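Here the structure is laid out as structure tokens; the discussion comes afterwards.
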Amino acid sequence: MQLTGLLSFAALALPLASASSKGNSSEPKPDKDGKYWIKTDHLKLGFVPFGAAVSDVRLNDKYGIERDVVAGFDNATYYSIDRQKPNFGNVPGRYANRIKNATFEIDGKWYNTSANDNDGLDTLHGGKDGWGLRNWTVSSYSDESITFSILDTDGENGFPGDVQSYVTYTVDGWDWHIKIIALSLTKKTPIMLTSHTYWNLDGFANNETSTALNHTLYMPYSGQRVGVDNILIPTGEILPNAKGSINDFWSEPKQIGANWEDEDLLGNCGFNCTGYDNCWTVNRDQLSPYDWRTTEPVASLSSAWSGIKLDVYSDQDAFQMYSCGFQNGSMALKTSQGIDGDEDFPRVIPQYGCVVLEPQDYIDGINHPEWRREKKQIFGPGDDPYVFQAKYSFSVVGDEKEECAKDEL
Ligand SMILES: *[C@@H]1O[C@H](CO)[C@@H](O)[C@H](O)[C@H]1NC(C)=O
Ligand SMILES: *[C@@H]1O[C@H](CO)[C@@H](O)[C@H](O)[C@H]1NC(C)=O
Ligand SMILES: *[C@@H]1O[C@H](CO)[C@@H](O)[C@H](O)[C@H]1NC(C)=O
Ligand SMILES: *[C@@H]1O[C@H](CO)[C@@H](O)[C@H](O)[C@H]1NC(C)=O
Ligand SMILES: *[C@@H]1O[C@H](CO)[C@@H](O)[C@H](O)[C@H]1NC(C)=O
Ligand SMILES: *[C@@H]1O[C@H](CO)[C@@H](O)[C@H](O)[C@H]1NC(C)=O
Ligand SMILES: *[C@@H]1O[C@H](CO)[C@@H](O)[C@H](O)[C@H]1NC(C)=O
Ligand SMILES: *[C@@H]1O[C@H](CO)[C@@H](O)[C@H](O)[C@H]1NC(C)=O
Ligand SMILES: CC(=O)N[C@H]1CO[C@H](CO)[C@@H](O)[C@@H]1O
């Protein structure tokens, strides 16, 4: 059984490792800050081994000014030093989001996982030593692509069996591609992964507002969401997002802050929390056959101030969005971000200053067998591997240079 698993994994890993043939992949070398960069003419992305995290996403805004649109730290070393562990840009694992009561059952056997959330009531992002908080290995690196790998062994954080995982990030023109593969080598285990990136499409340099509440979000396939209790544990209910309600981002694009005055928004993201930290389902089979790479994005986020727009294409069946309600100004911006010398805009991430977007599967599906997510979330030796794919496609709306070029034609 184990051999079959390894063989099928080797077959899968090969095309991964040679995903980008250009550039020099002989010796992975970070810059002086410990960051690994991949680039195109339009995008410059930085990565660190801690959590296999994206540290920087840089592109020009509509004025031609370079913006760094993700939260992160200035250097790789600080990711391990920082005490808040905000999961900036990382791959949480082996099971993203929450596990109710830090326990689950597979084939009649109960397992207890590291209870690192809500004062020990549940597991968050794989537990206290989850994948997002470990240094991954750089297993291949070129000018346009980087692959990180991790081996998570039997019993770590309470999960059964060895799991080997690879994440490959590739850039191409205006697109950032993410592919995550994980193979369960020895026992049946839950696996659910994502990319946990905090976005501010103004590079935290908007001189009219420091929040991201004016960013516009559209999730055309997300008419429903996973119901949660007041500590954000799924109740099992799949709830409707009626047209015009606070959680409706499907009927038309809407600013994140559009319903901020609505009293329903208090408690929508847990006890005494105003805003969003919710898992929307992605339902599109019934509309037409789709190709996740080319059919409409599952989510689009844009900011009129910078003109930067992000279209998220993904093969995942759910989508978490968090409006950064727990940020409180205690995280410093990177030197590449913010506004210098303006006391109205201190160089920190304010509450609601970012938007976290996480394509993933139905959260805590392992404790809701009635949702029938087992093929997507439980993997054993010899099974097909867990696969996550996404394409983050950028564009700049109202680019003055582009408009000029058009006028000249
Ligand atoms: C790749 O990098 C190594 C070490 O940095 C260097 O010796 C080698 O010449 C490079 N090869 C190419 C094709 O650039
Ligand atoms: C590393 O990054 C942290 C946080 O971004 C910063 O406070 C610190 O000064 C940096 N250290 C060095 C040596 O650059
Ligand atoms: C899991 O935790 C529960 C509650 O603390 C305990 O009763 C049970 O024995 C534990 N199971 C295992 C397999 O450790
Ligand atoms: C990750 O690697 C960095 C740099 O080598 C090191 O300082 C840090 O202690 C490591 N962190 C963990 C959690 O292993
Ligand atoms: C705000 O930023 C924009 C874009 O960089 C710039 O054009 C404008 O002059 C700035 N306004 C102020 C008041 O600094
Ligand atoms: C934010 O959006 C609202 C509604 O569209 C608009 O009235 C307001 O001027 C915008 N604020 C900023 C600072 O861009
Ligand atoms: C709810 O949050 C507000 C600040 O957002 C705080 O002032 C208040 O004390 C909190 N209430 C409770 C019951 O925790
Ligand atoms: C901000 O949040 C962090 C992390 O939860 C906490 O450690 C810190 O005490 C908070 N600071 C303030 C001023 O509330
Ligand atoms: C047995 C046990 O601890 N049950 C708890 C599981 O988690 C919910 C919250 O989501 C609690 O209400 C239960 O008490």
Side-chain angles (χ1 to χ4, degrees), residues 28-36 47-53 55 61-62 73-83 85 87-88 90-93 97-105 110 112-113 115 117-138 148 150-152 156-157 200-202 204-217 226-237 252-261 270-271 302-308 339 342 344-345 350 352-353 355 363-364 366-368 398:
K29 276 214 184 69
D31 71 2
K32 66 173 177 36
D33 294 319
K35 293 184 178 176
Y36 294 82
F47 297 90
V48 295
F50 188 79
S55 60
D61 71 7
K62 66 181 180 185
F73 298 117
D74 284 326
N75 47 72
T77 321
Y78 196 74
Y79 281 78
S80 295
I81 296 170
D82 169 69
R83 299 170 79 90
K85 299 287 180 284
N87 297 295
F88 282 162
N90 68 12
V91 176
N97 214 286
R98 295 183 170 79
I99 299 175
K100 182 178 180 173
N101 297 330
T103 190
F104 59 86
E105 182 193 3
W110 284 89
N112 291 346
T113 46
D117 191 40
N118 286 311
D119 298 322
L121 287 180
D122 59 279
T123 300
L124 178 62
H125 294 328
K128 71 170 178 14
D129 186 28
W131 296 5
L133 307 178
R134 291 188 221 168
N135 282 326
W136 295 48
T137 302
V138 178
F148 293 96
I150 196 170
L151 174 66
D152 189 25
E156 288 193 73
N157 293 301
N200 179 303
L201 297 179
D202 300 330
F204 299 92
N206 186 325
N207 55 13
E208 293 163 19
T209 171
S210 59
T211 77
L213 296 178
N214 268 44
H215 283 37
T216 296
L217 177 69
V226 173
V228 289
D229 67 12
N230 66 9
I231 58 167
L232 298 179
I233 306 291
T235 58
E237 292 166 294
E252 56 182 2
K254 187 169 86 178
Q255 286 185 335
I256 306 265
N259 302 123
W260 228 248
E261 303 307 320
F271 174 71
S302 60
S303 171
W305 185 82
S306 64
I308 294 174
I339 305 170
D342 186 332
D344 291 337
F345 297 99
Y352 314 127
V355 185
I363 59 173
D364 202 25
I366 49 174
N367 281 310
H368 291 285

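We count ligands from 1, going down the list as the structure has it; atoms in each ligand are counted the same way. Just so it is clear, the model here is predicted, and its values are computed rather than measured.
- Shortest non-hydrogen contact noted between Arg134 and Leu151 is NH1-O, 4.2 Å.
- Side-chain atoms of His125 never come within 3.5 Å of backbone atoms of Asn87 as a donor-acceptor pair (strictly under, hydrogens ignored).
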Next item on the list: For the pair Phe204 and Phe345, evaluate side-chain contact (heavy atoms from CB on, under 4.5 Å) and give the outcome as yes or no after the intermediate values.
Entry: CA-CA 9 Å; Phe204 299 92; Phe345 297 99; over 6 Å; no
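- Between Ser302 and Thr216 there is a side-chain heavy-atom pair separated by less than 4.5 Å.
- Aromatic ring orientation, Phe73 versus Phe88: tilted (interplanar angle from 30° to 60°).
- For the pair Phe47 and Pro30, the minimum side-chain heavy-atom distance is 4.5 Å or more.
- Some N or O of Asn135 is nearer than 3.5 Å to an N or O of ligand 4, by distance alone.
- For Leu133, the heavy-atom gap to ligand 4 drops under 4.0 angstrom.
- Under the 3.5 Å distance criterion, the side-chain polar atoms of Lys100 are left unmatched by any main-chain donor or acceptor of Leu121.
- Residues of the protein with a heavy atom under 4.0 Å from ligand 6 are Glu208, Thr209, Asn214, Gln255, listed by chain and number.
- Within a 6.0 Å sphere centred on NZ of Lys254, other residues, nucleotides and ligands contribute more than 12 heavy atoms.
- Side-chain atoms of Thr103 and Asn112 include a donor-acceptor pair closer than 3.5 Å.
- For ligand 9, the protein residues placed under 4.0 Å by at least one non-hydrogen atom are Lys100, Asn101, Asp229, Ile233.
- Taking the six-membered ring where tryptophan is involved, the planes of Phe50 and Tyr79 are tilted, since the angle between them lies from 30° to 60°.
- Checking only distances, Ser80 does come within under 3.5 Å of ligand 4, N or O to N or O.
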